[in-house]
Amino acid sequence: QVKTHLFNHLVCFNKHLTADQVLLIIPDTQEHVDILKNISTQYETALWQPASPHHIQEETQVHLYVPANSSESVKTLLQTHTITHEVLLANANELIEMQMRNDSTDPRSSSTFYQKYHRLEDIYEWINRTTHDNPSTVKAILIGSSFEKQPLLALKLSMNDRPDKKAMWMDCGIHAREWISPAFCLSFVQHSLSFYKQNQEITHILDNMDIYVLPVMNPDGYKHTWTENRMWRKNRSHTKNTNCIGVDLNRNFDANWCMEGASRDPCSETYCGRFPESEPESKAVADFLRLHKDSIHLYISIHSYSQMLLFPYSYTLEEAPNHSDLVVWSKIIYHRNHYVYGAGAKTIYLAPGGSDDWAYNLGIKYSFTFELQDRGRYGFLLPPSHIHSACSEALTAVKTVALMVINKAQAERSSPQTD
């Protein structure tokens with residue numbers, strides 16, 4: 001027993017000496033850029049920002065997750081080549097453990113349910129409970145199944161049967177490691193149901209609009225982040241003739257599919273898949289949106305991190321036809337929550353095959369990607385204590401844009417000849 005205790009103590013002690021870390025690195029020259037690209041592909045690391053080595057540029061921050069077993073080699077390389085770097089997170093393991101700590105799975109026994117992260121099975125249980133507790137206003141719609149045959153369940157919130165009612169769609173968790181995203185979808189549904197008829201804004205939205213919410217678009221990947229690899233991004237599908245697993249679902253839609261900004265390499269984090277909608281998850285969402293494109297006027301995809309509001313286009317530097325509208329709306333949101341805003345390609349980088357651009361081209365002219373907190377201090381490892389503030393900020397943005405869609409639709413109905 002004493003031996004066991006001593007062994008555990010040593011394990012804990014060593015874990016602190018050799019913890020997983022997140023480094024902030026700024027390459028000053030093209031040589032630095034090339035070395036960083038090499039580090040991020042040759043060593044066991046996970047690139048947080050940018051999403052792909054292809055987008056690493058001079059004088060631009062790189063956030064790199066470095067497991068303990070690669071730490072010494074990576075830091076030696078950086079020091080040898082005098083590449084500017086600092087430790088952003090000294091003990092990422094502790095943050096991961098903190099994110100996974102969850103004493104209660106029953107919302108009724110804990111007021112803090114929405115201030116914690118939840119396993120996939122707990123989210124499914126929450127979906128069941130939410131539909132059960134709100135039979136007249138919430139229904140679960142099975143829109144498809146994932147590669148590993150997990151159900152893709154969207155919730156429909158509908159308060160009345162008004163004719164010609166518009167709708168909005170919101171999906172969360174397209175990228176597995178972005179845990180704040182599903183947490184927001186849960187929080188948004190809870191807020192909508194709790195404050196209907198109490199909060200003026202949410203009441204006006206729900207009186208005039210049906211809301212579809214897909215809490216976890218990538219259930220296989222999300223489950224994998226809880227059980228095997230917290231840094232996993234893609235889905236979990238298998239590609240022939242390679243051991244590499246997964247497709248980036250946000251490069252798999254038919255919007256300039258697999259052009260610059262996506263990869264044809266199955267081992268890449270931005271692998272676009274074998275063809276557009278090759279993945280059951282993206283196909284299910286696309287099929288549902290095609291079926292409801294006449295009623296859905298607002299598309300929102302929730303991601304993290306960087307506190308941004310992105311709109312089309314991400315696949316080209318050209319401006320979308322209603323670019324000026326989208327800018328005006330984004331400015332209004334900015335004044336309420338200070339999200340950086342802009343067209344995806346110009347604001348971050350070219351990213352073809354994205355769900356927001358595809359939805360826009362389908363005819364949903366108000367299509368947004370929200371990047372939730374934070375700006376890089378914790379990145380994907382946002383502590384549970386920050387969930388409330390991240391969700392409040394995003395809620396403000398979602399409500400603002402939903403109200404603007406409703407007001408625009410009402411204005412168009414009263415003067416149909418104007419655009």
Side-chain angles (χ1 to χ4, degrees), residues 18 20-23 34-56 62-74 77 92-93 96 100 119-120 144-150 152 173-179 216-254 257-285 303 351-355 379-381:
T18 57
D20 296 0
Q21 296 187 333
V22 178
L23 303 182
D34 294 339
I35 290 163
L36 263 185
K37 285 181 177 178
N38 185 48
I39 287 172
S40 65
T41 50
Q42 299 305 311
Y43 288 85
E44 193 195 330
T45 58
L47 197 54
W48 278 18
Q49 188 181 297
S52 156
H54 174 76
H55 295 299
I56 296 174
V62 172
H63 299 167
L64 186 69
Y65 184 93
V66 183
N69 57 3
S70 303
S71 184
E72 212 172 306
S73 316
V74 168
L77 254 174
N93 316 62
I96 292 172
M100 289 183 170
R119 292 175 180 274
L120 182 65
S145 299
S146 67
F147 178 81
E148 292 176 353
K149 302 296 177 228
Q150 299 281 359
L152 296 169
I174 193 168
H175 289 142
R177 62 192 178 185
E178 299 169 8
W179 282 13
V216 191
M217 184 173 162
N218 178 9
D220 304 345
Y222 185 70
K223 188 171 188 175
H224 192 72
T225 60
W226 278 85
T227 56
E228 300 294 331
N229 177 0
R230 178 63 188 84
M231 292 307 127
W232 192 259
R233 167 184 165 94
K234 302 187 283 183
N235 77 347
R236 295 291 300 164
S237 69
H238 295 246
T239 302
K240 279 180 187 169
N241 306 321
T242 175
N243 291 327
C244 292
I245 285 176
V247 168
D248 182 345
L249 295 175
N250 208 36
R251 300 290 186 279
N252 191 235
F253 286 80
D254 198 2
W257 177 80
C258 222
M259 303 302 281
E260 187 188 343
S263 173
R264 291 185 183 272
D265 174 8
C267 301
S268 165
E269 291 283 33
T270 54
Y271 174 47
C272 58
R274 290 170 297 127
F275 51 87
E277 295 177 32
S278 59
E279 305 310 292
E281 299 89 350
S282 44
K283 177 90 166 66
V285 170
H303 291 246
S355 63
F380 300 124
L381 299 181

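What you see is a predicted model, and the numbers here were worked out from it, not measured in a lab.
Here the NZ atom belonging to Lys240 is positioned 13.5 Å from the OG1 atom belonging to Thr242, to the nearest 0.5 angstrom. One finds the CG atom of Leu47 at 7.5 Å from the OG atom of Ser52 (value rounded to the nearest 0.5 Å). How far CG of Asp34 is from CD1 of Ile39: 11.5 Å, rounded to the nearest 0.5 Å. A distance of 11.0 Å separates CG of Leu77 from OG of Ser70, quoted to the nearest 0.5 Å. Note that NE2 of His54 and OG of Ser268 are 10.0 Å apart. Values are rounded to the nearest 0.5 Å. The distance from atom CG of Leu152 to atom NZ of Lys149, rounded to the nearest 0.5 Å, is 10.0 Å.
For the pair Ser71 (side chain) and Ala68 (backbone), a donor-acceptor distance under 3.5 Å is absent. Formation of a donor-acceptor pair under 3.5 Å by the Asn93 side chain with backbone atoms of Asp20 is found in this model.
Checking Asn252 against Glu279 by side-chain atom types alone, no donor-acceptor pair falls below 3.5 Å.
Annotation: side chain to side chain contact (heavy atoms under 4.5 Å, CB included) contacts of Ala262 (sequence neighbours excluded): Arg251, Cys258, Cys272, Pro352.
Ring geometry, Trp48 versus Phe380: the interplanar angle exceeds 60°, so the pair is classed perpendicular (tilted spans 30 to 60°). Ring geometry for Trp226 versus Trp179: interplanar angle under 30°, hence parallel rather than tilted (30 to 60°).
Counting only heavy atoms from C-beta outward, the side chains of Val247 and Phe147 never approach each other to under 4.5 Å. Side-chain contact between Ile245 and Trp232 is present, with at least one heavy-atom pair separated by less than 4.5 Å. The side-chain heavy atoms of Ser146 and Asn218, taken from C-beta on, include no pair separated by under 4.5 Å.
Across all non-hydrogen atoms, the minimal contact from Phe253 to Ser355 is CE1-CB, 3.6 Å. For the pair Tyr43 and Ser73, the tightest heavy-atom approach, listed with the atom from each and the gap, is CE2-CB, 3.5 Å. For the pair Tyr222 and Ala176, the tightest heavy-atom approach, listed with the atom from each and the gap, is N-CB, 3.5 Å.
Sorted by first and then second residue, the salt bridge (charged side-chain N to carboxylate O under 4.0 Å, His left out) pairs involving residues 219-239 (not counting sequence neighbours) are Arg233-Asp248.
When the shell of 6.0 Å around CE of Met259 is examined, it contains 12 or fewer heavy atoms from other residues, nucleotides or ligands. In this structure, Glu260 places its CD atom where only 12 or fewer heavy-atom neighbours from other residues, nucleotides or ligands lie under 6.0 Å away.
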Walk me through it: do Leu381 and Met231 pass the test side-chain contact (heavy atoms from CB on, under 4.5 Å)?
CA-CA 9 Å; Leu381 299 181; Met231 292 307 127; 3.8 Å; yes

Pair His303, Asn250 - check side-chain contact (heavy atoms from CB on, under 4.5 Å), show working.
CA-CA 10 Å; His303 291 246; Asn250 208 36; 3.7 Å; yes

